[in-house]
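Below is one structure; the comments refer to it alone.
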Amino acid sequence: LVTGASSGIGLETAAALAKLGAKVIMACRNVEKAEQIKKDIIEKSDVSISDDLLVVKCLELKSKQSIKQFSDDIHQSVDKIHLLINNAGLINNERCLSDDGFEMTFAVNHLGHFYLTFLLMDILQNSGDDVRVINVSSEAYKMGTIICDDLNLEKRNYSAFRAYSHSKLANVLFTKQLVANYAENANIRFYVLHPGAVHTDINRDFKFIRSLVTTFKFMLKSAERGSYTTLYCALSKDPLTNGAYFQSCKEVRLKARGLDMAVAKNLWEASCEMLEIDWMNSKTQ
């Protein structure tokens, strides 16, 4: 299952997995666009891809209701998920709110995937001996600061990069706390990664970054190359360290802020409170 699978790294990840014969659920905001992308993947592939290997489903990570509806649909249609790739992301030029009243970048990049993982955990726990949850973060986490009484960036001056780096650090700390909370579940491994500086449309609403991308496009990875580290974490037969951070298909040591388990625990609890869930007391929910 790949979120944000209709463009960029998510598209390339979904296509590569389907080429290998995996059934891939493409979780996307725009179903019409995603259906066309699916057709393009199949038609342009250098290997035969069966139509039923790519399944498009609607998912709006900015909406708890949409995520719950998506989860209900998944529970009715599949009984196993071997890979959950939390890939979708955005960066906003101006502060705006999600459907549930949360700062949009944090809502989509962290809270949406947090809630989705919570809702699908029962399936993940019963999907065999090699299940992987992969969170696509960014090297921007190094500039992020988690202040648990200001996760919506109401008390600090808003900037697109502050919101983005804040959410990407949340991805890292979420991964670390998943490992801590599910230490007894040897069948599930959790990884987090930086895909590199990639030319995708994540900056579509951010004019300044769009101008930089246009100027320095020759220095950026293609979306296909940007998917390599995700695919490495998804497919590697080498023993990978649970909870590790990867870049350029290798494990990289996190900076101190990405290893702060006190902040990770507080972020987990704050996220549960925002989403009105009691995760660790409802593992079978």
Decide yes or no on side-chain contact (heavy atoms from CB on, under 4.5 Å) for Val133 and Tyr191, but give the supporting numbers first. CA-CA 6 Å; Val133 176; Tyr191 307 121; over 6 Å; no

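- Side-chain contact between Ile49 and Ile41 is present, with heavy atoms from C-beta onward closer than 4.5 Å.
- Asp260 meets the side-chain contact (heavy atoms from CB on, under 4.5 Å) test with Ala262, Val263; sequence neighbours excluded.
- Distance check: Leu90 CG to Lys62 NZ gives 9.5 Å after rounding to the nearest 0.5 Å.
- Of the possible donor and acceptor atoms, one in the side chain of Arg95 sits under 3.5 Å from a partner among the backbone N and O of Asn152.
- When all heavy atoms are compared, the tightest approach of Asn109 to Tyr164 is ND2-CD1, 3.8 Å.
- Of the charged side-chain nitrogens involved, at least one lies within less than 4.0 Å of a carboxylate oxygen, so that Lys57 and Asp73 count as a salt-bridged pair.
- Contact of the Phe190 side chain with the Phe174 side chain is not registered, since no non-hydrogen atoms from C-beta on lie closer than 4.5 Å.
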Assess whether side-chain contact (heavy atoms from CB on, under 4.5 Å) is satisfied between Ser7 and Ile37, documenting all intermediate values. CA-CA 8 Å; Ser7 65; Ile37 293 295; over 6 Å; no

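- Looking at Asp149 and Lys155, a side-chain N of the basic residue comes within less than 4.0 Å of a carboxylate O on the acidic one, giving a salt bridge.
- When atom types are taken as modelled, the side chain of Asp129 and the backbone of Asn187 share no donor-acceptor pair closer than 3.5 angstrom.
- A continuous path of ILVMFWY side-chain contacts below 4.5 Å connects Leu173 to Trp268, so both sit in one hydrophobic cluster.
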For a side-chain contact (heavy atoms from CB on, under 4.5 Å) check, start with the C-alpha distance between Met280 and Asn181, then their side-chain angles and the critical distance, and finish with the verdict. CA-CA 8 Å; Met280 298 316 295; Asn181 288 351; 3.6 Å; yes

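- By the rule that hydrophobic residues join a cluster once side-chain heavy atoms approach within less than 4.5 Å of another member, Leu119 and Met274 end up as members of one cluster.
- Contact detail for Ala88 and Leu61: the closest heavy-atom pair is CB-CD1, 3.6 Å.
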Apply side-chain contact (heavy atoms from CB on, under 4.5 Å) to residues Phe70 and Leu1 and explain how you reach the verdict. CA-CA 12 Å; Phe70 176 84; Leu1 193 161; 3.8 Å; yes

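- A donor-acceptor pair is defined here as one N or O able to donate and one able to accept, closer than 3.5 Å; such a pair exists between the side chain of Ser127 and the backbone of Ile123.
- A continuous path of Ile, Leu, Val, Met, Phe, Trp and Tyr side chains, each step under 4.5 Å between heavy atoms, connects Met121 with Ile67, placing both in one hydrophobic cluster.
- Under the 30°/60° scheme for interplanar angles, the aromatic rings of Phe118 and Tyr115 are found to lie parallel.
- No donor-acceptor pair under 3.5 Å is formed between the side chain of Asn185 and the backbone N or O of Ile188.
- A side-chain donor-acceptor contact under 3.5 Å links Ser222 to the backbone of Arg225.
- Ring centroids of His166 and Phe106 are separated by less than 6.0 Å, placing the two rings close together.
- In this structure a side-chain-to-backbone donor-acceptor pair under 3.5 Å is missing from Ser45 to Ile42.
- Annotation for Pro195 and Leu193: closest pair N-CD1, 3.6 Å, computed over non-hydrogen atoms.
- Looking at Ser63, its side chain never comes within 3.5 Å of a backbone N or O of Glu60 through a donor-acceptor pair.
- Of all heavy-atom pairs between Thr230 and Ile85, the closest is CG2-CG2, 3.8 Å.
- Between the side chains of His113 and Asn171, no donor-acceptor pair is found at a separation under 3.5 Å.
- The shortest side-chain heavy-atom distance between Tyr245 and Leu259 does not fall under the 4.5 Å cut-off.
- Residues near Ile147 contribute nothing to a hydrophobic cluster around it, because no ILVMFWY side-chain heavy atom sits closer than 4.5 Å to its side chain.
- Here the closest non-hydrogen pair linking Leu111 and Phe102 is CD1-CD1, 3.6 Å.
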Walk me through whether His110 and Ser271 qualify under side chain to side chain donor-acceptor pair (under 3.5 Å). CA-CA 9 Å; His110 169 65; Ser271 300; 2.8 Å; yes

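- Here the closest non-hydrogen pair linking Phe246 and Cys233 is CD1-SG, 3.5 Å.
- For Lys39, there are no salt bridge (charged side-chain N to carboxylate O under 4.0 Å, His left out) partners at least two apart in sequence or on another chain.
- Expressed to the nearest 0.5 Å, how far CG of Asn266 lies from CD1 of Ile146 amounts to 10.5 Å.
- Between Lys64 and Glu276, the closest side-chain pair of non-hydrogen atoms falls below 4.5 Å.
- No continuous path of ILVMFWY side-chain contacts below 4.5 Å connects Val56 to Ile81, so the two sit in separate hydrophobic clusters.
- Panel note: side chain Lys168, backbone Ala140; no donor-acceptor pair is recorded below 3.5 Å.
- Remark: the backbone N or O of Thr3 is paired with a side-chain donor or acceptor of Asn87 at under 3.5 angstrom.
- Residues Ile277 and Leu178 are members of one and the same hydrophobic cluster, defined by side-chain heavy-atom contacts under 4.5 angstrom among Ile, Leu, Val, Met, Phe, Trp and Tyr.
- Ser48 pairs by the side-chain contact (heavy atoms from CB on, under 4.5 Å) definition with nothing, not counting sequence neighbours.
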Side-chain donor-acceptor pairs under 3.5 Å in residues 11-25, sequence neighbours left out?
residue	atom	partner	partner atom	Å
Thr13	OG1	Ile9	O	2.7

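- Under the side-chain hydrogen bond (donor to acceptor under 3.5 Å, both in side chains) criterion, the residue pairs touching residues 132-145 are Asn86-Asn135, Asp130-Arg132, Asn135-Thr175, Glu139-Lys142, with sequence neighbours excluded.
- Counting only distance, with no hydrogens or angles, the side chain of Arg189 and the backbone of Gly243 share no donor-acceptor pair below 3.5 Å.
- For the 3.5 Å distance criterion, the side chains of Asp100 and Ser98 fail to qualify, holding no donor opposite an acceptor.
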